Amino acid sequence: MAVLLVLGWLFGIVGRERRPGAGAASVAGTIVESAPPEGIRPAQAGLLVDEVVNPVAIPATVVDLAVRGYLRIEEDPANDDWENPDWRLVKLKPADKDLLDYERVLLDGLFASPRRRAEDAEAVWLSELEQDFYHRSRLVRSRLYQDAVQRGWFSDHPDEVQRRWRLRGLAVTLVGAVLTLVAALTTYGLVPIPVLLAGPALMIGARRMPRRTPVGAELLRRVNGFRAYLQPVGVDRADPAQAADQLSPYLPYAIMFGLTEQWTRTFEPVGAPPKTPWFESHRPYTPHRFHNRIHLFSSSSAAILSATPPAVSGFSGF
């Protein structure tokens, strides 16, 4: 009974507040918005929806910085491995007042690798950042959470809320295990089992614990409206000529929401996406291939920039 009450509370009361942002946005009943609300950045939008900074937030921000002229992404022309290319990031201008704090931390960190080639003072290869960027990645995540709280979107840092509930769940699990062992030697038998099971339930439900403020909940509704615009139905509503101007600015959001393919499908009626000055590839430029390379860059950079150094492996914490 105790376990049922805990589960009901976790996935009922708490879930009721979070449900509008969970999973894919439904177009039905959603007011579709054809622009990001209030200039919200891709990683901020992802945090509002998921209540956690997912690894894809970093490549989405890298692409967004490229679109805004801070760097250029170049595919290695000498690499013939179609599935595992390397990428060269070229710095075009330094961080300025237009960057948010977490964006500045990310941009500066990309070009601070100790393994950067001496002849490439203003460039770095993505492969050179593997395992060197881990601590910078954690700092970017921390600044993103701090940014969301300062803007009044969450009542407390979502990562800290989740960590506290995971620790509580672990404590309940340990207490339940001790009580179960003690009870097994008495006539109480399996009476403490519900306590033992409640601990893992709390740990699993920890991700649902962060609470959005009314301001955050309203902004989430608008973000979901924009996400619906990037989905197939939203793309079908978009005018291809108009969408050509939106391809680059909105692509980082599509990456953040896992909608890269759907968004780039907008350009099939006009034959191909327009050339983008921030992304260079030596292979044919087609809608399908553009989506494929952007998706590959996103997945590669998410893995590389979040790779844990061997020295701290196993100590990532809660």
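Bear in mind the structure is a predicted one, so any value in this text is a computation, not a measurement.
The CD1 atom of Ile58 sits 12.0 Å away from atom CD1 of Ile304, with the distance rounded to the nearest 0.5 Å. Atom CZ of Phe297 and atom CG of Asn292 lie 14.0 Å apart (nearest 0.5 Å). To the nearest 0.5 Å, atom CG of residue Asp64 and atom CG of residue Leu71 are 10.0 Å apart. Atom-to-atom distance recorded for Glu261:CD and His295:NE2 is 9.0 Å, nearest 0.5 angstrom. Note that CG of Leu89 and CG of Leu129 are 7.0 Å apart. Values are rounded to the nearest 0.5 Å. Between the CG atom in Leu219 and the CD1 atom in Ile40 there is a gap of 4.5 Å [rounded to 0.5 Å].
Across all their heavy atoms, Ala307 and Glu130 have their closest contact at CB-CG, 4.1 Å. Minimum heavy-atom separation, Tyr134 to Ser306: CD1-O, 3.9 Å. Of all non-hydrogen atoms in Leu48 and Gly216, the two that sit nearest each other are CD2-O, 3.7 Å. Contact detail for Phe154 and Leu47: the closest heavy-atom pair is CZ-O, 3.8 Å. Nearest heavy-atom pair, Pro277 versus Arg72, reported as atom, atom and distance to 0.1 Å: O-CD, 3.4 Å. The heavy-atom pair separating Ala123 from Phe111 by the smallest distance is CA-CE2, 4.0 Å.
Residues satisfying the side-chain contact (heavy atoms from CB on, under 4.5 Å) test with Val215, not counting sequence neighbours, are Trp153, Thr213. For Arg221, the salt bridge (charged side-chain N to carboxylate O under 4.0 Å, His left out) partners are Glu218, not counting sequence neighbours. Taking Arg222 as the reference, Glu33, Glu38 meet the salt bridge (charged side-chain N to carboxylate O under 4.0 Å, His left out) condition, with sequence neighbours excluded. Applying the ring pair (Phe, Tyr, Trp, His ring centres under 6.0 Å) test to Tyr253 and every residue at least two apart in sequence or in another chain returns Phe226. Applying the salt bridge (charged side-chain N to carboxylate O under 4.0 Å, His left out) rule to Asp108 yields no partners; only residues at least two apart in sequence or on another chain are considered.
Side-chain contact between Arg143 and Val140: absent, with no pair of heavy atoms (C-beta onward) separated by less than 4.5 Å. Side-chain contact check for Trp278 versus Val63: some heavy-atom pair is nearer than 4.5 Å. Counting heavy atoms from C-beta outward, Gln146 and Tyr102 have side chains that stay 4.5 Å or more apart. Here the side chains of Phe133 and Leu110 are in contact, with some heavy-atom distance below 4.5 Å. Between Pro85 and Arg293, some side-chain heavy-atom pair lies under the 4.5 Å cut-off. When side chains are defined from C-beta on, Leu251 counts as touching Phe290, because their heavy atoms get closer than 4.5 Å.
A side-chain donor-acceptor contact under 3.5 Å links Ser299 to the backbone of Leu296. Distance alone, capped at 3.5 Å, is enough to place a donor-acceptor pair between the Arg136 side chain and the Val105 backbone. For the pair Ser142 (side chain) and Arg138 (backbone), a donor-acceptor distance under 3.5 Å is absent.
Follow the hydrophobic side-chain contacts under 4.5 Å out from Val90 and you never reach Leu126; the two are in separate clusters. Following chains of ILVMFWY side-chain contacts shorter than 4.5 Å, one can reach Phe257 starting from Val52, so the two form part of one hydrophobic cluster. Residues Leu92 and Leu99 are members of separate hydrophobic clusters, defined by side-chain heavy-atom contacts under 4.5 angstrom among Ile, Leu, Val, Met, Phe, Trp and Tyr.
Applying the side chain to side chain donor-acceptor pair (under 3.5 Å) definition to pairs two or more places apart or across chains, those involving residues 89-99 are Tyr70-Asp96.
Residues Ser301 and Trp87 have side chains that never bring a donor and an acceptor to within less than 3.5 angstrom of each other.
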Full working for salt bridge (charged side-chain N to carboxylate O under 4.0 Å, His left out) between Arg151 and Asp147: CA-CA 6 Å; Arg151 294 175 185 275; Asp147 173 84; 2.9 Å; yes

Derivation of the side-chain contact (heavy atoms from CB on, under 4.5 Å) call for Gln44 and Leu144: CA-CA 7 Å; Gln44 293 175 317; Leu144 251 173; 4.2 Å; yes

